[in-house]
Amino acid sequence: MDMVMKLGTSSAVVIFTKSSCCISHSIEILIRNFGANPTIYELDTHPNGKQMEKALMKLGCQPTPAIFIGKELVGGANEIMSLNVRGKLKQLLIRANAIWV
């Protein structure tokens with residue numbers, strides 16, 4: 001779990017994903033459309049991917065996607081979409097210094 005937390009807090013936006021997950025890809029595109037450049041860890045290709053997946057599940061996430069913004073675990077796709085629909089995702093990205101306006 002320490003490795004996931006360390007990686008998750010290593011940049012303004014971090015997404016743990018799987019290369020074949022279309023929902024993860026959609027979340028990545030959504031965040032990039034705001035101008036952010038997230039760090040992506042693909043669990044199915046990462047050497048420690050299985051361990052990271054287990055750690056994310058212990059943190060209460062479905063394994064993918066799991067999104068950290070501003071050094072905090074925001075959650076998965078549902079949380080990101082909810083923030084976006086409520087107009088709060090952009091402000092969260094600004095506070096995390098992931099984007100500038």
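- Using a 4.5 Å cut-off on side-chain heavy atoms (C-beta onward), Y41 and L7 make contact.
- A side chain to side chain contact (heavy atoms under 4.5 Å, CB included) with N33 is found for exactly one of I31, L30, I29, namely I29.
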Side-chain donor-acceptor distances from residues 88-101 under 3.5 Å, at least two apart:
none

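- The closest side-chain heavy-atom distance from S24 to K18 is not below 4.5 Å.
- F16 pairs in a side chain to side chain contact (heavy atoms under 4.5 Å, CB included) with only one of the listed residues (L56, I40, L73, T39), which is L56.
- Side-chain atoms of I69 and I80, non-hydrogen and from C-beta on, do get closer than 4.5 Å to each other.
- With a 4.5 Å cut-off on side-chain heavy atoms, M3 and Q51 count as touching.
- Taking 4.5 Å as the limit, every side-chain heavy atom of V74 sits out of range of all side-chain heavy atoms of F68.
- In this structure, the side chain of S82 does not engage the main chain of E79 through any donor-acceptor pair within 3.5 Å.
- Between G8 and V14, the closest heavy-atom pair is O-CG2, 3.5 Å.
- With rounding to the nearest 0.5 angstrom, the CD atom of E42 is 9.0 Å from the OG atom of S20.
- A heavy-atom distance below 4.5 Å is not found between the side chains of V13 and F34.
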message: The test is side-chain contact (heavy atoms from CB on, under 4.5 Å); show your working for M81 and I27 and say whether it passes.
response: CA-CA 8 Å; M81 292 306 292; I27 295 298; 3.9 Å; yes
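- Considering only heavy atoms from C-beta on, M5 stays 4.5 Å or farther from D2 through its side chain.
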